[in-house]
Amino acid sequence: MKSKMAYFNSRAFFTGIGISLICSISSTDFWISGIIGTILGVIALMLIKKKTENKIINSISGFILASIASIILVNMGHSLYLRETPVFILSIFPIIAAVIISKSGKKPLNMVLHIFFIYSIVLFFLKIAGLYPHINIENLHPLLKSNFKTILWGGILYAIIGIVPILTLNDTFDKKNIILNYVLSSITILVVSFLAVSVLGIKEVNIYRYPEYLVLKRVEFLDFINNVDSFFNFAIITDLLFTMANGIKAVKIDNTFIKILIPTGILAVTVYTCFTNWPLLFLYKNLPIIFIFLLIITLIPKKS
């Protein structure tokens, strides 16, 4: 049974940051950037054959990605659901869950990933069905508003956000499986972005931090089944939780102190970042730089 972890990892960082960034850069031409980014991502995954095997570099990359995923997840929970709950309490449970998942065996984990992959795909089609009546094509106008350089930069950023977690956290020897997972992930992100912009409009997408969640509040079936946004949002939670777990698992330094220090460090970074505003703004504005840095050190073919 082939792993579906790359599917979840590739989607994770579009939540709260990626989609908002792409839309702020490319405006109503976000979909062109998405298509360009998908093509660039596939080409990169096909061409990249070697990456670092240095344990320290892999551990640093895993820690950074796990921390960012934890920050996005906790901030989302604190902003949208549990505003009165202390950030420390909200941070503990997903980190504990991620540590437990990271210690799972390969076969049991792959089975769980396949179950949640099917669940994610089913929710994806239900989102389309539930939001289809609310689509307003006028929200996608004007076309070709942005210049080519802006659209291209949006495409490059789209590719980087999608492939860096795959390259950093996953075994990439099985190219077909990795590329298939990436393409499926990219299709879901493109469609979710399309739904967010076509339903809410580009101005609202650029205002709200989690437009991919906000648009889910419009989902309804048979004119009376509504308020199902939390049900659909579970797919976003699994993306981030599995990515946290894979980041923790990437730390392969055989030292008991380090193994305790990693989740403790993630907890400290998450609490501090979500408790104040400026680290969140810093993360949002500098995610491209952070991911480019991770891409560079990941491609250094230095053996441990």
Side-chain angles (χ1 to χ4, degrees), residues 1-20 22-23 30-31 34 38 69-70 72-77 79-82 93-94 97-98 101 109-136 158 161-162 165-166 170 177 180-200 204-205 208-246:
M1 183 179 292
K2 295 182 178 180
S3 176
K4 290 294 181 183
M5 183 65 84
Y7 168 83
F8 298 99
N9 295 162
S10 184
R11 285 162 43 100
F13 299 101
F14 285 97
T15 298
I17 301 179
I19 290 177
S20 295
I22 303 300
C23 289
F30 69 93
W31 58 276
T38 302
S70 177
I72 295 172
L73 179 57
V74 172
N75 183 61
M76 181 177 67
S79 301
L80 304 176
Y81 295 109
L82 304 168
F93 293 104
I101 294 171
L109 179 59
N110 282 345
M111 291 179 64
V112 172
L113 289 172
H114 272 262
I115 292 171
F116 280 100
F117 169 75
I118 294 171
Y119 176 75
S120 178
I121 295 298
V122 170
L123 288 185
F124 170 68
F125 284 108
L126 287 176
K127 288 177 189 176
I128 297 174
L131 290 170
Y132 177 77
H134 302 282
I135 292 175
N136 182 2
Y158 184 98
I161 294 174
I166 291 178
N170 294 270
N177 182 51
L180 176 61
N181 282 316
Y182 171 71
V183 171
L184 287 174
S185 166
S186 185
I187 289 172
T188 62
I189 296 300
L190 270 171
V191 173
V192 168
S193 302
F194 170 83
L195 291 171
V197 176
S198 62
V199 173
L200 300 175
E204 285 196 48
V205 169
Y208 295 106
R209 178 68 71 232
Y210 294 93
E212 62 276 10
Y213 168 79
L214 186 65
V215 73
L216 296 178
K217 289 183 173 294
R218 305 287 183 90
V219 175
E220 60 183 18
F221 298 99
L222 304 177
D223 295 327
F224 65 90
I225 302 177
N226 47 34
N227 296 324
V228 293
D229 46 284
S230 297
F231 172 75
F232 284 100
N233 200 39
F234 192 71
I236 295 175
I237 295 173
T238 56
D239 292 339
L240 294 165
L241 196 58
F242 284 137
T243 300
M244 288 171 58
N246 215 19

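Keep in mind the model is a prediction, meaning the values are calculated, not measured.
- Taking both residues in full, the closest heavy atoms of Ala235 and Leu123 are given as CB-CD1, 3.8 Å, listed atom of the first, atom of the second, then distance.
- Phe14 has its ring centre less than 6.0 Å from the ring centre of Tyr158.
- Atom NZ in Lys127 sits 6.5 Å away from atom OG in Ser120 (nearest 0.5 Å).
- Ser186 contributes no side-chain N or O that, together with a main-chain N or O of Tyr182, makes up a donor-acceptor pair within less than 3.5 Å.
- Smallest separation of non-hydrogen atoms from Gly18 and Ile161: CA-CD1, 3.8 Å.
- Put simply, CG on Leu184 and OG on Ser10 are 10.0 Å apart, with the number rounded to the nearest 0.5 Å.
- The distance from the CG atom of Asn9 to the CG atom of Leu240 is 10.5 Å, given to the nearest 0.5 Å.
- Ring pair Phe8/Phe116: centre-to-centre distance not below 6.0 Å.
- Atom-to-atom distance recorded for Tyr7:OH and Leu180:CG is 11.0 Å, nearest 0.5 angstrom.
- A heavy-atom distance below 4.5 Å is not found between the side chains of Phe194 and Ile128.
- Contact of the Ser193 side chain with the Ile22 side chain is not registered, since no non-hydrogen atoms from C-beta on lie closer than 4.5 Å.
- Side-chain contact check for Val112 versus Phe242: some heavy-atom pair is nearer than 4.5 Å.
- Residue Lys4 holds its NZ atom at 8.5 Å from CD1 of Ile121, rounded to the nearest 0.5 Å.
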Apply side chain to side chain donor-acceptor pair (under 3.5 Å) to the pair Tyr119 and Thr238, showing each step before the final yes or no. CA-CA 10 Å; Tyr119 176 75; Thr238 56; over 6 Å; no
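- Here the shortest heavy-atom pairing between Val74 and Pro94 reads CG2-CG, 4.3 Å.
- When side chains are defined from C-beta on, Met76 counts as touching Ile237, because their heavy atoms get closer than 4.5 Å.
- For Thr38 against Leu190, the heavy-atom pair with the smallest separation is OG1-CD1, 4.0 Å.
- Ser185 places no side-chain N or O within 3.5 Å of a backbone atom of Asn181 that could act as its donor or acceptor partner.
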Run the side chain to side chain contact (heavy atoms under 4.5 Å, CB included) test on Leu195 and Val191 for me, step by step, so that the C-alpha distance in whole Å, both residues' side-chain angles and the decisive distance to 0.1 Å come before the verdict. CA-CA 6 Å; Leu195 291 171; Val191 173; 4.1 Å; yes
Test side chain to side chain contact (heavy atoms under 4.5 Å, CB included) on Leu113 and Ser3 and set out the steps. CA-CA 7 Å; Leu113 289 172; Ser3 176; 3.7 Å; yes
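- Listed here is the closest heavy atom pair of Ile166 and Ala6: CG1-O, 3.9 Å.
- Pro165 approaches Asn170 most closely through the heavy-atom pair O-ND2, 3.4 Å.
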Checking side chain to side chain contact (heavy atoms under 4.5 Å, CB included) for the pair Met244/Ile101: CA distance, chi angles, key distance, verdict? CA-CA 9 Å; Met244 288 171 58; Ile101 294 171; over 6 Å; no
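- We find the CG-NZ distance between Asn177 and Lys2 to be 5.5 Å, quoted to the nearest 0.5 Å.
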